[in-house]
Colleague: 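Would you mind keeping the following structure in view while I ask a few things?
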Protein chains: 2
Amino acid sequence: MKNSELSDEALEMIASRFGLLASPSRLRILNSLGDQEFSVGEIVVRTDTNQATVSKHLSTLFNAGILSRRKEGLTVYYRVSDQTIFNICDIVCDRLRDQLETRQMAFTNLVTKPKRSRK
Amino acid sequence: MKNSELSDEALEMIASRFGLLASPSRLRILNSLGDQEFSVGEIVVRTDTNQATVSKHLSTLFNAGILSRRKEGLTVYYRVSDQTIFNICDIVCDRLRDQLETRQMAFTNLVTKPKRSRK
DNA sequence: TAGATATATGCATATATGGTTATATGCATA
DNA sequence: TATGCATATAACCATATATGCATATATCTA
């Protein structure tokens, strides 16, 4: 990415893929799935989210190829089929942790240092 | 992520981080920066995007800690300070390539196989 | 076939976001 | 101080998106 020229179309695809992850609700669903399989109803309970909302998000993620789906009678089971999602999330989480830590330290220095340097 | 319970606040932070990347314009800016440093004006030209738009995106990315900024007289130079962005994008790009390839092959089989199996 | 259940979808609405124009700000220089 | 230039910000509009309610669809069972 750093070195390549990306077409508008490619940029749109990449952006919309990130758009899928840019939603707390969808992340909550993905997080609640982990690498297990759950039915829509179970996911509704686990995420404490409206059924219609869950169903729509699941469809969206399925259509994007991030989830796989299996029907059994009335119930539909979903599972994360794209493991790279978790890799990406982990990178972001680590990075956020770093940032927060850095800020935390900067803040600490900000409120403690002046006193000391002034004595 | 796969195994951890994430708080609502954490989910929001992660989501908003992805939200930053969920925009073709911002991706275009990041892509045009690579690991070099450019002024706002240069980025405007390189991305062929409205000055105000570019400036806003740059501020957004800077505030999120993805870009660093250096002022020299009238001009402001930006540079990507968070390299993990490129890692993430690369993962997504690879994954998209895979998906497209798979779909391409599925389509090819779809239009060629029936004829053969039917003869 | 009627009813019950699980999931999906249509519709309406609230909210967020991106982009543009116009203008403000900050710095350099005549 | 007045002017010009690079960048940032404000105000506005258009569009997209998430959500929830009501309802449709599909499947199972009595």
Side-chain angles (χ1 to χ4, degrees), chain A residues 6 8-9 11-33 36-80, chain B residues 8-9 11-33 37-80:
Chain A
L6 293 171
D8 286 2
E9 200 188 349
L11 290 172
E12 299 238 352
M13 290 185 63
I14 301 169
S16 85
R17 170 66 49 135
F18 283 123
L20 295 173
L21 302 178
S23 146
S25 295
R26 278 194 290 268
L27 289 178
R28 189 177 297 112
I29 289 174
L30 291 169
N31 182 235
S32 84
L33 281 171
Q36 290 185 272
E37 181 188 67
F38 290 104
S39 72
V40 177
E42 288 168 333
I43 299 169
V44 166
V45 173
R46 292 170 66 86
T47 60
D48 188 31
T49 308
N50 182 282
Q51 185 270 325
T53 302
V54 168
S55 178
K56 269 181 229 182
H57 284 318
L58 290 171
S59 292
T60 304
L61 293 169
F62 171 75
N63 288 324
I66 291 175
L67 301 182
S68 63
R69 180 154 69 176
R70 181 175 69 86
K71 212 168 179 176
E72 191 174 299
L74 278 181
T75 63
V76 179
Y77 295 94
Y78 285 90
R79 164 194 291 278
V80 176
Chain B
D8 286 2
E9 200 188 347
L11 290 171
E12 298 238 352
M13 289 184 64
I14 301 169
S16 84
R17 169 67 48 136
F18 282 124
L20 295 172
L21 302 178
S23 146
S25 294
R26 279 194 290 268
L27 290 178
R28 190 177 295 111
I29 289 173
L30 290 168
N31 183 234
S32 83
L33 280 171
E37 183 188 65
F38 289 104
S39 72
V40 178
E42 287 168 333
I43 299 168
V44 166
V45 173
R46 292 171 66 85
T47 60
D48 189 30
T49 308
N50 182 284
Q51 184 269 325
T53 303
V54 168
S55 180
K56 262 200 278 191
H57 286 319
L58 290 171
S59 293
T60 304
L61 293 169
F62 171 75
N63 288 325
I66 291 176
L67 300 184
S68 63
R69 179 152 72 177
R70 182 175 68 85
K71 213 166 177 175
E72 193 174 298
L74 280 183
T75 66
V76 179
Y77 294 95
Y78 285 90
R79 163 194 293 277
V80 177

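The chains referred to below are lettered A, B, ... by the order of the sequence lines, with proteins before strands, and numbering in each begins at 1.
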Colleague: Between B/E42 (side chain only) and B/S39 (backbone N and O only), is there a donor and an acceptor less than 3.5 Å apart?
Modeller: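 Pair found, side chain donor or acceptor close to backbone of B/S39.
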Colleague: Checking base pairs now: Watson-Crick or wobble, both atom distances under 3.5 Å. What partners C/dC27?
Modeller: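 Its partner is D/dG4.
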Colleague: Could A/D8 and B/R28 be called an ion pair, given the rule that one side-chain N must be under 4.0 Å from one carboxylate O?
Modeller: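 Yes, this pair counts.
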Colleague: When the nearest nucleotide of DNA chain D is assigned to A/L74 and to A/T49 on a heavy-atom basis, which residue is associated with the more 5' position?
Modeller: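 Of the two residues, A/T49 wins.
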Colleague: In whole Å, I'd like the distance from the CD1 atom of B/I29 to the C1' atom of D/dT7.
Modeller: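 Rounding to the nearest Å, CD1 of B/I29 and C1' of D/dT7 are 14 Å apart.
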Colleague: What is the nucleic acid contact for B/Y78, judged by heavy atoms within less than 4.0 Å: base, sugar-phosphate only, or nothing?
Modeller: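 Since only primed, P, OP1 and OP2 atoms lie under 4.0 Å of B/Y78, the category is sugar-phosphate.
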Colleague: Could you check whether B/S59 gets within reach of a base, just the sugar-phosphate, or nothing at all, counting any heavy atom under 4.0 Å?
Modeller: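 Answer is sugar-phosphate: B/S59 comes under 4.0 Å of backbone atoms only.
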Colleague: Whole Å only: how far is the CG atom of A/L21 from the P atom of D/dA18?
Modeller: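 About 12 Å, once rounded to whole Å.
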Colleague: Would you mind classifying the nucleic acid contact of A/S55 as base, sugar-phosphate or nothing, using non-hydrogen atoms under 4.0 angstrom?
Modeller: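 Base, at least one base heavy atom under 4.0 Å.
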Colleague: Parallel under 30°, tilted from 30 to 60°, perpendicular over 60°: which one fits the rings of A/F18 and B/F18?
Modeller: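 Plane angle under 30°, so parallel.
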Colleague: Send over the distance from A/L20 CG to D/dT17 C1', rounded to a whole Å.
Modeller: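 It works out to 12 Å between those atoms.
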Colleague: Of all the choices, D/dA18, C/dT5, D/dG20, which nucleotide is nearest to the side chain of A/A52 once you look at every atom?
Modeller: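 The answer is D/dG20, which lies nearest to the side chain.
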Colleague: Side-chain N or O of B/S25 less than 4.0 angstrom from OP1 or OP2 on C/dG18?
Modeller: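 Result: no.
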Colleague: Taking CG in B/D48 as the centre, count heavy atoms belonging to other residues, nucleotides or ligands within less than 6.0 Å. Is the count above 12?
Modeller: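 Result for CG/B/D48: open.
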Colleague: Taking atom C1' of C/dG18 as reference, at what distance in whole Å does atom CG of B/L58 sit?
Modeller: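 Result: 15 Å.
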Colleague: With heavy atoms under 4.0 Å as the rule, sort A/Y77 into base, sugar-phosphate or nothing.
Modeller: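 A/Y77: no heavy atom of the nucleic acid under 4.0 Å.
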Colleague: Without decimals, in angstroms, what is the distance between A/N50 CG and D/dT23 P?
Modeller: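 These atoms are roughly 15 Å apart.
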Colleague: Got a donor-acceptor pair under 3.5 Å from the side chain of B/K71 to the base of C/dG26?
Modeller: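 Flag unset: no donor-acceptor pair detected.
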Colleague: With the side chain of B/H57 defined as its heavy atoms from C-beta on, choose the nearest nucleotide among C/dT20, C/dG19, D/dT7.
Modeller: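 Nucleotide nearest to B/H57's side chain: C/dG19.
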Colleague: How do A/Q51 and B/V76 order along DNA chain D: which one's closest nucleotide is nearer the 5' end?
Modeller: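 Between the two, 5'-proximity favours B/V76.
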Colleague: From the list D/dA8, D/dA10, D/dA6, which nucleotide is the closest neighbour of the side chain of B/K56?
Modeller: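 That would be D/dA10.
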Colleague: Rounded to whole Å, how long is the line connecting atom CD of A/E72 with atom P of C/dT7?
Modeller: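 Nearest whole value for this atom pair: 11 Å.
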Colleague: Nearest whole angstrom, please: distance from the P of C/dA16 to the CD of B/E12.
Modeller: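 So the two atoms are 11 Å apart, to the nearest Å.
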Colleague: D/dT7, D/dT19, D/dC21: which one has an atom nearest the side-chain heavy atoms of A/T53?
Modeller: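 Minimum distance to the A/T53 side chain belongs to D/dT19.
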Colleague: Counting Watson-Crick and G-U wobble pairs only, both distances under 3.5 Å, name the nucleotide matched with C/dG18, or none.
Modeller: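 Answer to the pairing question: D/dC13, which forms a Watson-Crick or G-U pair with C/dG18.
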Colleague: Rounded off to whole Å, could you give me the CZ-to-C1' distance for the A/R70 and C/dA6 pair?
Modeller: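 Spelled out: CZ on A/R70 to C1' on C/dA6 is 14 Å.
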Colleague: Among C/dT20, C/dT5, C/dA8, which nucleotide sits nearest the side chain of A/R69?
Modeller: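 Shortest atom-to-atom distance from the side chain points to C/dA8.
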Colleague: Do the side chains of A/L58 and A/V54 get nearer than 4.5 Å, heavy atoms only?
Modeller: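 A/V54 vs A/L58: side chains touch.
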Colleague: Between A/R70 and A/Y77, do the side chains contain a donor N or O and an acceptor N or O under 3.5 Å apart?
Modeller: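 No, A/R70 and A/Y77 have no side-chain donor paired with an acceptor closer than 3.5 Å.
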